[in-house]
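One structure is given below, encoded as structure tokens.
Proteins get letters first, then strands, A, B, ... in listed order; numbering begins at 1 in each.
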2 protein chains.
Amino acid sequence: MKQEKLTIGQFSELVGLSTYTLRYYENEHLIVPKRDDNNRRFYTQDDVKWLGFLLHLKGTGMTMSEIKTYVQFRAQGDSTNRKRQKLLEEVKKRALDQIAETKRNLEVISHKIDWYDKKENAVIDEDESFENYLEKMKNNKGEA
Amino acid sequence: MKQEKLTIGQFSELVGLSTYTLRYYENEHLIVPKRDDNNRRFYTQDDVKWLGFLLHLKGTGMTMSEIKTYVQFRAQGDSTNRKRQKLLEEVKKRALDQIAETKRNLEVISHKIDWYDKKENAVIDEDESFENYLEKMKNNKGEA
DNA sequence: ACTTGACTTAGAGTTTACTCTAAGTAATAG
DNA sequence: CTATTACTTAGAGTAAACTCTAAGTCAAGT
């Protein structure tokens, strides 16, 4: 049931990007489909795979500009494998750092959520400031 | 050593936001410092605390607009505690979902990084496609 | 014939969150 | 006296990543 060639409309549906965006990406050389006899774009299974990967790249916070760099390396063949790997490693590191930071921020937010609960139920003193509460919680790490 | 009142310049230094940004935030009612006799802004320890928390909110992906909503609730006093809590819970959920998705994307990227390694060292066949390799890895989850 | 979907170039519009400039005023420190 | 720092309004500029419109062409399907 998998078709060899997809029109831009079909491909758009399949991958969840508008035709506008696909042409925009093409302008940016991120994905360049072949053309048929009437100059119409057609997308192949390779394009499906590549776009899937591209979305994974985007999903880790890689910018268009970085993806362009990756695409350029790709066009230069296997000799750029190390460069591509390095680029991905940087992106991975950045994403992990970003996750770690978000988690640190989430900890504070989570404590604030708890704090609202405790205020609600008068578990903590009416005058207890969140900052004070937060300090206590940080010191209590790992305990009951 | 902690000063009671900070000028916008001192506060800017302390919190790492430009004076432009601070005035912009003030315009948006995100943080509204008091004024001295000469109509100059001064920031107190409370402002320092609030901005710290605001940055935690930002750091979990909360938009300006959502923070505005939170600020409005805050201005209405304790009666809005539940609303604020709910808002934070939504933000938390979204952030955790976002982290989970990024991690899924990172898995693919990590496999690609490994794949470059193995290509480099001829551990996998020259003609092995990444998609194929990725499938294998996914099926091997949990195994050696 | 007509609708549909594709094509082109070129450029305008959108969103978020700043970032900066202009132009003029005012208080404080050296 | 002058440099620094702050104040105001109003609006322009920036960056990223789209998103859409205009205006006209073209080929295939019903």
Side-chain angles (χ1 to χ4, degrees), chain A residues 3-44 47 51 53-71 91 94-95 98 101-102 105, chain B residues 3-44 47 51 53-71 91 94-95 98 101-102 105:
Chain A
Q3 289 158 281
E4 261 304 283
K5 299 173 177 189
L6 301 169
T7 66
I8 193 169
Q10 295 166 329
F11 188 66
S12 165
E13 281 265 303
L14 180 65
V15 302
L17 296 180
S18 72
T19 57
Y20 295 133
T21 303
L22 290 172
R23 292 200 192 94
Y24 166 66
Y25 278 8
E26 187 172 341
N27 249 312
E28 302 292 312
H29 311 296
L30 298 192
I31 180 164
V32 183
K34 296 238 168 61
R35 302 298 182 112
D36 69 10
D37 290 346
N38 289 316
N39 197 37
R40 300 204 166 171
R41 292 165 181 84
F42 68 86
Y43 295 81
T44 65
D47 291 318
L51 193 83
F53 187 63
L54 192 156
L55 292 178
H56 285 307
L57 294 178
K58 289 219 87 202
T60 56
M62 214 167 163
T63 62
M64 301 281 287
S65 154
E66 288 169 329
I67 298 176
K68 273 188 212 177
T69 300
Y70 186 87
V71 165
V91 168
R94 190 178 56 198
Q98 179 55 62
E101 204 199 310
T102 301
N105 288 311
Chain B
Q3 290 158 278
E4 262 304 282
K5 301 174 175 185
L6 301 170
T7 66
I8 193 169
Q10 294 167 329
F11 188 66
S12 164
E13 280 266 303
L14 181 65
V15 303
L17 295 180
S18 72
T19 57
Y20 295 133
T21 302
L22 289 171
R23 292 201 191 93
Y24 165 66
Y25 279 8
E26 188 172 342
N27 249 313
E28 303 292 311
H29 311 295
L30 297 193
I31 180 164
V32 182
K34 296 239 168 57
R35 302 296 182 116
D36 69 11
D37 291 345
N38 289 316
N39 196 37
R40 299 205 169 172
R41 292 166 180 84
F42 67 86
Y43 295 82
T44 65
D47 291 318
L51 193 83
F53 187 63
L54 193 155
L55 292 179
H56 285 306
L57 295 178
K58 290 218 86 204
T60 56
M62 214 168 163
T63 63
M64 300 281 288
S65 156
E66 287 168 330
I67 297 176
K68 275 188 209 175
T69 301
Y70 185 87
V71 166
V91 168
R94 189 179 56 195
Q98 179 56 61
E101 203 199 310
T102 301
N105 287 313

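What you find for A:Gln10 and A:Lys5 is that their closest heavy atoms are OE1-O, 3.9 Å. Between A:Leu55 and A:Val15, the shortest heavy-atom distance links the atoms CD1-O, 4.2 Å. Looking at every heavy atom in both residues, B:Gly61 comes nearest to B:Glu66 through O-OE1, 4.2 Å.
Between the CD atom of B:Glu13 and the P atom of D:dA6 there is a distance of 10 Å, rounded to whole Å. Following rounding to the nearest Å, A:Phe42 (CZ) and C:dC7 (C1') show an atom-to-atom distance of 15 Å. For A:Arg35 and D:dC26, the CZ to P distance is 16 Å, given to the nearest whole Å. Rounded to whole Å, the distance from CD on A:Glu26 to C1' on C:dA6 is 13 Å. For the pair A:Leu22 CG and C:dG5 C1', the computed distance is 15 Å after rounding to whole Å. One atom, CG of B:Leu30, and another, P of C:dA17, lie 10 Å apart when rounded to the nearest Å.
Between A:Glu4 and A:Lys34, none of the side-chain N atoms (NZ, or NE/NH1/NH2) sits under 4.0 Å from a carboxylate O, so this pair counts as no salt bridge.
Taking side-chain N and O atoms only, B:Arg23 has no distance below 4.0 Å to OP1 or OP2 of C:dT19. Note on A:Arg41: every side-chain N or O is 4.0 Å or more away from OP1 and OP2 of C:dA6.
A 6.0 Å sphere centred on CD of A:Glu13 holds no more than 12 heavy atoms belonging to other residues, nucleotides or ligands.
Formation of a donor-acceptor pair under 3.5 Å by the A:Asp47 side chain with backbone atoms of A:Thr44 is found in this model. A side-chain donor-acceptor contact under 3.5 Å links A:Ser12 to the backbone of A:Leu17. Remark: side-chain polar atoms of A:Asn39 are not paired, donor with acceptor, to backbone N or O of A:Arg35 under 3.5 angstrom.
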Open item on the list: Return a single string for nucleotides 10-24 of chain D, one symbol per nucleotide in 5' to 3' order, where B is base contact, S is sugar-phosphate-only contact and - is none, cutoff 4.0 angstrom on heavy atoms.
Closed with: -------BBBBB---
- [ ] For each nucleotide in nucleotides 23-30 of chain C, reading 5' to 3', give B when a protein heavy atom comes within less than 4.0 Å of its base, S when such contact involves only the sugar-phosphate, and - otherwise.
- [x] ---BBS--
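Classified by interplanar angle (parallel below 30°, tilted 30° to 60°, perpendicular above 60°), the ring pair B:Phe11/B:Tyr43 is parallel.
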